2 protein chains.
Amino acid sequence: MNSLPDAFDHFAMRILPAGLSDAAHLRFQSLARYEKLECDQSLDFSDAGPHILFLARGSIKLVAHASRSRDQIVAFHFGGEMLSVPRRDHYSYSVCALRQCRIVSFPTADFLELAADDAIVMGCLLDRATMSLQRCREKAIALGRKTASERIAIFLIGMADRIGNVQEGRILLDLPMSRRDIAESLGLTIETVSRRLSALRADGAIETVGRSGIILNDLAALHGRAGFLCEAA
Amino acid sequence: MNSLPDAFDHFAMRILPAGLSDAAHLRFQSLARYEKLECDQSLDFSDAGPHILFLARGSIKLVAHASRSRDQIVAFHFGGEMLSVPRRDHYSYSVCALRQCRIVSFPTADFLELAADDAIVMGCLLDRATMSLQRCREKAIALGRKTASERIAIFLIGMADRIGNVQEGRILLDLPMSRRDIAESLGLTIETVSRRLSALRADGAIETVGRSGIILNDLAALHGRAGFLCEAA
DNA sequence: CCGCTTCCTTGATCTGGATCAAGGAAGGCC
DNA sequence: GGCCTTCCTTGATCCAGATCAAGGAAGCGG
C-alpha cells in the first residue's frame with residue numbers, strides 16, 4: 001500500500017484533466033487498485049472483465065493465451081503508458097511483468113462510467129485506443145506479410161523509437177524482454193530470432209551486449225531491411 | 001450528389017446523439033464528403049491524413065500496402081459500420097469496394113475537433129476503436145500463431161457472426177470478397193485458401209455455391225477446428 | 001569464485017505452406 | 001447461347017522457418 005498514492009498521482013497527472021474537481025478525482029481514486037509486480041509475475045484477467053491499466057513504472061507484456069501453450073504477445077508496454085486489457089474473447093489475456101512494475105488498474109466499465117461525461121478523459125482514451133490500434137495494425141501486417149528478417153528489423157526499429165538511447169549516432173537498447181518474448185511477439189521461434197540477430201551481428205548492423213543489450217549501429221540500414229514501402233521509388 | 005443526404009442521415013441517426021443541436025448537426029454535415037464506389041474501385045488515402053468513414057451501404061476492404069505488391073488486408077467492413085483509416089505510417093492505406101458502396105467520409109482531425117466536446121460522440125468513437133482493436137488483436141493472434149486450417153475456420157466463424165444468415169440450423173454466407181482477398185486477409189496464398197476450403201468441403205463441414213456462396217453445416221465443428229482455447233479442458 | 005540454472009546460440013533435419021504450373025468452372029458480354 | 005475472361009481448384013516441387021538436438025555463455029546464489 002505504501003506508494004499507491006504516488007502511482008495514482010502519476011496517473012492523475014498524465015491522464016486526468018487539470019481542472020477535474022476534487023470529488024471526481026476521489027471517485028477515480030476509489031476505483032483504482034494498485035499492483036506491484038515482480039519480474040515474471042502475472043496478472044490474470046481471464047475471469048475478470050476488461051480493465052484499463054496505467055503502468056506507472058516498469059515494463060510489461062500483454063499476452064494472449066491461444067490453445068495448447070501457444071501464446072502470442074499482443075503488445076509490450078513501458079512506464080508511463082496506459083493500456084487496455086480486453087475482455088476474454090476467443091482467448092484469455094494476462095499481463096506479465098518484464099521488469100518490476102507498479103500498475104494502477106481500473107475495471108473498464110466503472111472507469112468509463114466515471115469518464116463518460118468528461119470529454120477530455122474520453123479524448124485521452126480515444127487517443128490511446130487509436131495508438132494501440134495503429135500499432136496492432138502494423139503488427140498484423142508484419143505477422144501476415146513479412147519474413148523473419150524483416151520482422152526482426154521492424155521490432156528493433158520500434159524498440160529504438162520507444163526505449164532507445166541515442167549515443168554518438170548509435171542507438172543503445174536495454175531490452176527488458178527475453179528472446180522467447182521477442183519470438184512470441186513476432187510469431188517466430190526463439191531459434192529463428194537468435195539466428196536473425198546473429199546474421200545482423202555478422203553484418204555489423206548491430207552489436208549485442210550480454211543478454212539484454214543491443215546496439216544499433218545503423219538505423220537507416222535496418223529501415224532498409226524492414227521491407228517498408230520503398231521511399232526510393 | 002443525389003443521395004448524399006440519405007447517407008448522411010443514416011450516419012447521423014446511428015452515430016450522432018439524438019439531442020444534438022441543429023447547428024452542430026450542420027457542422028458535421030458540412031464536413032462530410034460523400035463517395036459512391038463501384039465494385040473494385042478504391043479510395044487512396046496515402047497522401048490524405050487519417051479519415052473516419054461511415055459505410056452507409058456495401059462492403060469494403062481496408063488494405064495496407066506493404067512493399068513489392070505484398071498487400072495485407074487489415075479489415076473488412078460491412079454496411080452500417082464506421083471505421084478509421086489510419087494516417088500513412090510505414091505503409092500506405094486504401095479502401096477498396098467489394099460491393100457497390102456509399103461512404104460518408106470525414107478528415108479525422110476536423111471530425112474530432114467538432115466531436116471533442118461531445119462526450120456521447122466520443123464514447124461512440126471509443127467503442128468503435130475498442131471493437132476494431134479487439135478484432136485486430138484477434139487477427140494478430142491468428143496471423144502469429146495459427147495454422148492455415150485454423151485461420152480459415154476463424155475467418156468463416158467471424159463472417160458467420162457478421163454477415164451470416166441462419167437457415168434450418170445451417171449458416172448461409174454470401175461472401176463479397178474473392179479468394180485472393182481472403183488470402184490477403186489471412187496471410188496466406190490463394191492456393192492454400194482454396195485447398196483448405198476444399199478439405200472442409202470434403203469433410204462435409206461446409207458446402208460451396210458458385211464463387212461467393214458458402215454454407216456452414218456445422219458451426220460447432222468449425223469452432224473445434226479454430227484452435228481456440230479448449231473449452232473442454 | 002565456483003557451480004548451477006537458465007537462456008542463448010548454432011547445427012541438422014523436417015514440413016507446412018509458398019511457388020510454379022496446368023486445367024476447369026463461373027459468370028459477363030456480345 | 002456461345003465465347004472469353006477471370007477466378008478457382010488441383011497437382012508437383014521447393015524453401016523459409018519450425019523442430020529436434022547439442023553445446024556454450026550469462027548471471028545468480030552460495
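First the proteins, then the strands, lettered A, B, ... as listed; each starts at 1. This is a predicted model, so every value here is computed, not measured.
Between the P atom of D/dA18 and the CG atom of A/Leu143 lies a distance of 12 Å, rounded to the nearest Å. For A/Asp181 and C/dC8, the CG to P distance is 8 Å, given to the nearest whole Å. When rounded to the nearest whole Å, the span between CD1 of A/Ile190 and P of C/dT10 equals 13 Å. As rounded to whole Å, 9 Å separates atom P of C/dT9 from atom CD1 of A/Ile182. What separates CD1 of A/Ile152 from P of C/dT9 is a distance of 11 Å, to the nearest Å.
Applying the ring-ring contact (aromatic ring centres under 6.0 Å, His included) test between A/His51 and each of A/Phe45, A/Phe111, A/Tyr93, A/Phe106 identifies A/Phe45 as the sole match.
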Write out a two-atom table: protein N or O, nucleotide N or O from nucleotides 12-19 of chain C, distance below 3.5 Å.
unit_1 : atom_1 : unit_2   : atom_2 : d
C/dA12 : N6     : A/Arg195 : NH2    : 3.3
C/dG17 : OP1    : B/Ala148 : N      : 2.7
C/dA18 : OP1    : B/Thr189 : N      : 3.4
C/dA18 : OP2    : B/Thr189 : N      : 3.4
C/dA18 : OP2    : B/Thr189 : OG1    : 2.9
C/dA18 : OP2    : B/Thr192 : OG1    : 2.3
C/dT19 : O4     : B/Arg195 : NH2    : 2.9

Under 3.5 Å between N/O atoms: give me all the protein pairs with nucleotides 23-30 of chain C, atom names plus distance.
unit_1 : atom_1 : unit_2   : atom_2 : d
C/dA26 : N3     : B/Arg211 : NH2    : 2.9

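Looking at B/Asn217, its side chain does come within 3.5 Å of a backbone N or O of B/Gly204 through a donor-acceptor pair.
In the displayed structure, B/Asp40 atom CG is contacted under 6.0 Å by at most 12 heavy atoms of other residues, nucleotides or ligands.
Side-chain contact of B/His77 with B/Ser59: a donor-acceptor pair under 3.5 Å is absent, judged by distance alone. A side-chain donor-acceptor contact under 3.5 Å links A/Ser178 and A/Asp181. A donor-acceptor contact closer than 3.5 angstrom links the side chains of B/Ser185 and B/Lys139. For the residue pair B/Arg225 / B/Ser149, no side-chain donor-acceptor distance below 3.5 Å is found, with atom types taken as modelled. A donor-acceptor pair shorter than 3.5 Å cannot be found between the side chains of B/Ser42 and B/Asp44.
Within the 4.0 Å cut-off from OP1 or OP2 of D/dT9, at least one side-chain nitrogen or oxygen of B/Arg201 is found. The side chain of B/Arg180 places no N or O atom within less than 4.0 Å of a non-bridging phosphate oxygen (OP1 or OP2) of D/dC7.
Ring geometry for B/Phe228 against A/Tyr91 counts as perpendicular: the plane angle is over 60°, on a 0 to 90° scale with 30° as the lower cut.
For the atom pair CD1 (B/Ile206) and CZ (B/Arg196), the distance works out to 11.5 Å, reported to the nearest 0.5 Å. To the nearest 0.5 Å, the span separating CZ on B/Arg128 from CG on B/Leu133 amounts to 11.0 Å.
Note on A/Ser194: a base of the nucleic acid sits closer than 4.0 angstrom, heavy atoms only.
Comparing the local axis fitted to the first five base pairs of the helix from C/dC1-D/dG30 to C/dC30-D/dG1 with the one fitted to its last five gives a bend of 50°, rounded to 10°.
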